[in-house]
Amino acid sequence: MAWVKGAFLDVLLLLLLLLSAQTLPLVAAGDSHDCDAPLASSLPQLSFSSSSQLSSSHGPGFARLNRRDGAGGWTPLVSNKYQWLQIDLGERMEVTAVATQGGYGSSDWVTSYLLMFSDGGRNWKQYHQEESILGFPGNTNADSVVQYSLQPSFHTRFLRFLPLAWNPKGRIGMRIEVYGCSYKSEVVYFDGRSSLLYKFDKGAIRPIREIISLKFKGMQNSGIIFHGKGRHGNHIALELIKGKLVVYLSSGNGNLPPVNSIMNFTLGSLLDDWHWHSVLIEILNYHVNFTLDKYTHHVHVNKESNYLDLDFEISFGEILMPEGHLLTSPHKNFHGCLENVYYNGVNIIKLAKKHEPQILIKGNVSFTCPQPQTVPVTFQSSGSYLALPGSLREDKMSLAFQFRTWNKAGRVFFSQPEHGSGSLVLFLTNGKLRLSLSEPGQPLQNITTGAVLNDGLWHSVSLTAEGRYLSLVVDGDFSAQALMSVGIHLGDTYYFGGCPNNSSSSGCESPYGGFQGCLRLISIGDKVVDPIAVQQGVLGGFSDLQIDSCGIIDRCLPNYCEHGSGCTQSWDTFSCDCDGTGYTGTTCHSSIYEQSCEAHRHRGSPSGLYYIDVDGSGQLAPFLVYCNMTADTAWTVVQHGGPDVMTVRGGPEGHTRSATFSYAATAAQLRAVVDTADHCEQQVDLQCRTSGPSDIGDGTSLSWWVGRTNETYTYWGGSLPDPQKCTCGLEGNCIDSQYHCNCDADRNEWTSDTIVLSHKEHLPVTEMVVTDTGRPHSEAAYTLGPLLCQGDKSFWNSASFNTEASYLHFPTFHGELTADVHFLFKTTISSGVFMENLGITDFIRIELRAPTEVTFSFDVGNGPCELTVQSLTPFNDNRWHHVRAERNVKGASLQVDQLPQKTQPNPADGHVRLQLNSQLFIGGTASRQKGFLGCIRSLQVNGIALDLEGRAIMTPGVEPGCPGHCSSYGHLCRNGGKCQEKRRGIACDCAFSAYDGPLCSHEISAYFEMGSSVTYNFQERPPLDENTSSLASSLHGDVILSRETITLSFRTTQTPCLLLYVSSFDEEYLSVILANNGSLQVRYKLDRHRNADAFNFDLRNLADGHFHQLMINREEAVVSVEVNQSTKRQVILSSGTEFNAVKSLTLGKVLEPLDVDPETQQAAAQGFTGCLSSVQFGLEVPLKAALNQDLTRVTIQGGVTAAAHCAEGPGSAVWKLSPGPSMGAGHSGSVEDRQPLPNTDRSDPGVIGGITAVVIFILLCASAIAIRVHQQRRLHQKNESTVSKTEEC
């Protein structure tokens, strides 16, 4: 009960934190419910500026919404993508919405645009809508107003509208409005050597919840932003490291981060962009929320650590000790600005301004935030370039700049020497900078320096050439220097990035494209380049640049790579590394494993170790299980790592002994396996002596076990917790009828109980506890078996749609960023909709559009997208077809069955969020048109199985279940096995197959000792006291064969030997022998008045001890013989075309007198010594009948022993686990039949436990086999005819 209360309290605290995470940021930002006032309409004309204007009446001052003065709006001189309209709001305001119009009464309007913002009119940043960096859709005419609410809102003083597209029949034309409200802020500036310390009032009452909120703007990429300390020695620190925010939580041992920290983690990226970023920290007991901008990270601190509190002091800018002493540490001080710093509602900056006593100021702290004057330049494509005039000095050149990029390769800079051909090229290759100088008649000279320069951080570059000396310095590393063979004299133009279209420079012939990224602080010689002058056309030239903005974004944040896969990126895109995750796809979303052993079974997989992924693309990772394939079902076996045997001997009364059991799967994985299974159980084997009753007389149990939910159970056996009986009690066969368990009988002898726990909601067993009774000489031993589960309810969960107007409906499909749908269908109609979910404009739909076409279509705001898989054969063949559709932030894919997958990437930087609001319709549409007729099965959306049968029960026109699986899965029944329909799946009938096993794939093999034989009678023997000849004619008058097919496999070294002999009541026969030289001979005598046809197939010596396969097929007089599935021969019989009155078939030595040819006579006398398998004559399976002890038709002489596989040679191990639930890990074939996945991790503890159990089992089997073989030999000495059930070759 204490545990339950504690868990409830934890959940309640977490809910409070989650709620606060939604509400507190609104308080920090202001009252957003009343923040929609127009901000631009009241501004003077001087607050508006632009890149250019068509005329004085088209100036930016006329760009107010709904105004008609001037020409009725702003229009630039030239309509191109380098134009902009700017507004100065006068001070930082909160902006919540924007609206646009075209030029009044004109053909001038903008159809899409970017929205940029800045605090000081420099270093602009783009406002991103959703996860897309595409612009806002604009207008479709001149006068309608298009307004967009900005979620989230932001704070700025300057706004820029950058037209991207406009009416092709007009010009750029804009009227705009900005909505929002005033924004109050307190700022403090740290110069990298200053800080603030806030000391708490020692007498203050500690609040239940602690909240720290602030904004920061970093001017360097590293530095301590915040450090908090509690009275118990706990520490929390926020540190900017290389543009990322690292959070440290340290335990109460007095150590500062990162030493002995409970945990640390990283938030954000590119936070050194000189723009504001918000931080919110909420602490409630052991729950902590960290919110950076709009992303929240939830942390639950272990309760073993000291209480998380911040009731001592907090510092900003650096780590300060009491009395303001600086801690000597490797952590840099923060250089930048903080805004609106609050601790539990206390305005720290306001207190600092007033020099309150609880605030300690260290160093030069100011309360204004300087605006950066650096102007970055963004190279948006590989064709972007910046051309600048070169150095005026011929004897020396120097160049310096800073860059940041994600691309590993690209041309950064080049210039062509002043005289002749050649070039000086600086380019990125594999994340390193290489300087390459080429001159006519001289070898190419290279300098390479730097490493991992594509990490998104700013890197400084300095290039100097003077005379024959060349130096390349990256991030202060002076190691890259070279002495050139000739002096260097560069041309008068320096190019950064790509090449102009008309350039013929040799530097443009580089295999690398132009640089994509940002440059800043460019200087040539001793002059600093002003990019604004370039933008205004007074300096150099450019193409496809974004000046005064660094447009780099981290495409791996948020990380859309799923299931722990790694994210790598370039300037334009990102990619996910799925290796080792068990998932595939562009975002590693889809599992590569089957969802259950049942699914493996219906792919034709044999018993073995397999990975399964119960929830497909869900959060549960795949894990390793043993799949035991039986004739009727598939058993999932999950081993535990607990003790093999738990022994209890008489000890002090009341003393408890316990054993815990951990499994090769997590609790969530086990729960998923149990929930989807039809039945689960776990067996407990108990051996006991003088153990006494299982309770103390008042019903108090002396032993109990703990299930998956940590609840205690005292019942032992059955599927219901009420009986409290062992298996013998449930079956009524206990040794003492007074008790429900054998061990309760308290006998002074060893007895045993078998307990099967099958109430699956309680499984698996995680702990077993036994209490000592204090009785002398009392002993007991418990053994817990693995968790066994059979079936998969979701795999066969299906519904039949009988009318076009019928459908099933489910809650809205929430697949905003990733949506995958898996299902199977079968139908006879030509078209119909499988599923549909609608939004306001977005939608997702999968349909059978034509008999040979399945189509997946959707719209996430970029326009409809459609993928179609076409097949050469129709899908409406009433067979199951598997559909797998996926859509994510990178693209979409569709696959049907094993046909080639269709894929389509998303448009670059387009919308990615799928927003749906209707119900999810299955088998139809909301309009009740294009309904589907047929069956849908095993439907999963984002790894969640939908209960089609449960919904179909209550839906008119739809029925639960769907019969008819053999048409799709019948091919799994091999070697002549017949498919049998089941409600959930199929079974294979192997009665007329020479093979056995769940899929009729396990060969029936036997080892024949010298002189042994098996005789199979095609008809029952007549009574001895009747006239045999007259009865024979009446019994076998119909057994006349004009054709037969014979198959068998063998391994032997004996010559001559008889492989097979078939006799007739009419003295006709067929013999298959190996001659003295090991060659194959087939002899047919189909007319007793003629000699036998003898055919010698002198292929090679088949008595070589190797495994050989033989097939003989006769069609009247034409006999075809095939050896080892390759060598084929055909002969013609002369003795007849019909095999009359077939009597018997003999394998091995023929014991009855024969009237046959001498060669057959000799081989029949020798018989066969070796291994025979898969013997079939037409529909008859004589060897199988012998091993099944069908003694009414089979006579066995000598030693005939069941073997595992002839192909594996003598001595191959026999291992056949019982398919019954009590044994659990049953295996219907040999060890060698297993086909584990190639990436099976043999170090997995569950695998080790499983292998240990297997080894023990093999040893037990080997012992049993040895005993059985000894018994066989004794029986053979007595000349008794029998067949061992043990399989050994």
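In this text the structure is predicted, and so the values were computed from the model without any measurement. Quick note: numbers below take in every heavy atom, side chains included, and nothing from hydrogens, waters or symmetry partners. The chain is numbered in sequence order, starting from 1.
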D293 side chain near L267 side chain, heavy-atom distance below 4.5 Å: no
Under 3.5 Å: donor-acceptor pair, side chain of W406, backbone of I553: yes
Euclidean distance, L292 CG relative to I281 CD1, rounded to 0.5 Å: 10.5 Å
Ring geometry between H822 and H882 (parallel below 30°, tilted from 30 to 60°, perpendicular above 60°): perpendicular
Closest approach of A672 to V614 (non-hydrogen atoms, all atoms of both residues): CB-CG1, 3.6 Å
Side chain proximity check, F379 to V377, heavy atoms < 4.5 angstrom: yes
Donor-acceptor pair between S384 and S381 side chains, under 3.5 angstrom: yes
Rounded distance [0.5 Å steps], CG in L457 versus OG1 in T405: 11.5 Å
Straight-line distance of L620 CG to I612 CD1, nearest 0.5 Å: 10.5 Å
Geometric class of the H277/F216 ring pair [parallel <30°, tilted 30-60°, perpendicular >60°]: tilted
H600-Y610 aromatic ring centre distance below 6.0 Å: yes
Residues forming a ring pair (Phe, Tyr, Trp, His ring centres under 6.0 Å) with Y385, sequence neighbours excluded: none
R708/D675 ion pair, N-O < 4.0 Å: yes
Exam field: side chain Q669 to backbone A621, donor-acceptor pair closer than 3.5 Å: yes
Parallel, tilted or perpendicular: rings of Y663 and H640 (30°, 60°): perpendicular
A599 backbone acceptor or donor facing S596 side chain under 3.5 Å: yes
D615 side chain vs Q619 backbone, donor-acceptor pair below 3.5 Å: yes
Ring center gap for F858 and F843 short of 6.0 angstrom: no
CA sep, side-chain torsions, deciding dist, call: K125, D273, salt bridge (charged side-chain N to carboxylate O under 4.0 Å, His left out): CA-CA 9 Å; K125 185 174 183 177; D273 58 356; 3.2 Å; yes
Gap separating the OG1 atom of T378 from the CZ atom of R404, nearest 0.5 angstrom: 10.0 Å
T818-E562 side chain donor-acceptor pair, cut-off 3.5 Å: yes
Heavy-atom donor-acceptor pair, S222 side chain to K242 backbone, under 3.5 Å: yes
W571 backbone acceptor or donor facing N407 side chain under 3.5 Å: yes
K890, NZ: over 12 other non-hydrogen atoms inside 6.0 angstrom: yes
Aromatic centroids of H227 and H235 separated by under 6.0 Å: yes
Closest contact, heavy atoms only, G861 versus D842: N-OD1, 3.5 Å
SG-SG under 2.5 Å, C576 vs C561: yes
Close aromatic pair by centroid cut-off 6.0 Å: Y583 and Y593: no
Interatomic distance, N888 atom CG to E886 atom CD [nearest 0.5 angstrom]: 5.0 Å
Charged N-O contact under 4.0 Å between D455 and K408: no
Donor-acceptor contact below 3.5 Å, side chain D613 vs main chain E594: no
Sole residue of S617, S590, S591 in side chain to side chain donor-acceptor pair (under 3.5 Å) with D820: S617
Side chain T676, main chain V673, donor-acceptor under 3.5 Å: yes
More than 12 heavy atoms of other groups within 6.0 Å of K215 NZ: yes
Trace of the ring pair (Phe, Tyr, Trp, His ring centres under 6.0 Å) decision for F515 with F427: CA-CA 8 Å; F515 171 77; F427 56 92; over 10 Å; no
R887 side chain vs E816 backbone, donor-acceptor pair below 3.5 Å: yes
Option among I236, L249, N289 that satisfies the side-chain contact (heavy atoms from CB on, under 4.5 Å) test with I283: I236
H275 side chain to N123 backbone, donor-acceptor under 3.5 Å: yes
